[in-house]
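This report concerns only the one structure given below.
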Amino acid sequence: ADFKDVRAKAIGKLCANHGIATFFAADGPSALQLALAELPTVAIIALQLPLIDGAKLAEILRTNPRTQNTRFLFLSEQSLGGRQVEFYDEVVAEPIDLVALSQRIEEIVMRREKLDALGEEVERDDKLNGRLSQVSLADLLQLFQINRKTGVLELQRKEKDFPEERGVIELVGGNVT
């Protein structure tokens, strides 16, 4: 969703080169309608969209169960000016490096695929065991936040020549408490 047609087309071409289907909207209401129809994995949104700005659009989409798992990559022409984005969202400021943007999009899509696979495993079993080398702690916390899980995450690290370390993270409704 971008009001700058040239930039939107360049990003769309970039995504198409990586086999990612793209849809375009020039303003917030059109982007909202399109996102609800197409259910995007990643939404690339200009923060300064007309009618409904990018941050408000993301907030609306997060409250909808059909689009709550969408990841957002915001395009910003300036600093955020005090606006907050979720810890798993990303902000790219002008000037936009298309090569770096391409890599970030790929990383978001790959991370989402890993989280989806892990989420399926969590749904099959109440307990989750494994190594953080398979998925990062940040991604794991993101998965729990997306699925609004409540429970205790026990962490343990054993390394040769180092003392054992243990930690506990308590989650309530997906939020670290």
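From Gln68, atom CD reaches atom CG of Leu61 across 11.0 Å, with rounding to the nearest 0.5 Å. One distance of note links CG of Asp2 with CD1 of Ile11; it measures 6.0 Å at 0.5 Å rounding. Distance check: Leu75 CG to Leu49 CG gives 9.0 Å after rounding to the nearest 0.5 Å. Between the OG1 atom of Thr150 and the CG atom of Asn175 there is a distance of 9.0 Å, given to the nearest 0.5 Å.
By the neighbour-count criterion of 12 heavy atoms within 6.0 Å, atom CD of Glu164 is densely surrounded, having more than that number from other residues, nucleotides or ligands. Atom NZ of Lys9 has 12 or fewer neighbouring heavy atoms from other residues, nucleotides or ligands inside a 6.0 Å radius.
Counting Ile, Leu, Val, Met, Phe, Trp and Tyr side chains that sit under 4.5 Å apart, directly or through other members, Val152 shares a hydrophobic cluster with Val168.
In this structure, Thr177 and Val172 have side chains that are in contact, with non-hydrogen atoms separated by less than 4.5 Å.
When every heavy atom of Phe74 is checked against every heavy atom of Gly54, the shortest pair comes out as CE2-O, 3.5 Å.
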### Message
Walk me through whether Asp53 and Gln48 qualify under side chain to side chain contact (heavy atoms under 4.5 Å, CB included).
### Response
CA-CA 5 Å; Asp53 73 20; Gln48 297 82 14; over 6 Å; no

Can you list, pair by pair, the side-chain donor-acceptor contacts under 3.5 Å of residues 19-45, counting residues two or more places apart and other chains?
{"from": "Asp27", "atom 1": "OD1", "to": "Ser30", "atom 2": "N", "distance (Å)": "2.8"}
{"from": "Asp27", "atom 1": "OD1", "to": "Ser30", "atom 2": "OG", "distance (Å)": "2.8"}

Between side-chain atoms of residues 96-106 and protein atoms elsewhere (two or more places apart, or another chain), which donor-acceptor pairs fall under 3.5 Å?
{"from": "Asp97", "atom 1": "OD1", "to": "Val99", "atom 2": "N", "distance (Å)": "3.0"}
{"from": "Asp97", "atom 1": "OD1", "to": "Ala100", "atom 2": "N", "distance (Å)": "3.4"}
{"from": "Ser102", "atom 1": "OG", "to": "His18", "atom 2": "NE2", "distance (Å)": "2.6"}
{"from": "Arg104", "atom 1": "NE", "to": "Glu90", "atom 2": "OE1", "distance (Å)": "2.6"}
{"from": "Arg104", "atom 1": "NH2", "to": "Glu90", "atom 2": "OE1", "distance (Å)": "2.8"}
{"from": "Glu106", "atom 1": "OE2", "to": "His18", "atom 2": "ND1", "distance (Å)": "3.1"}

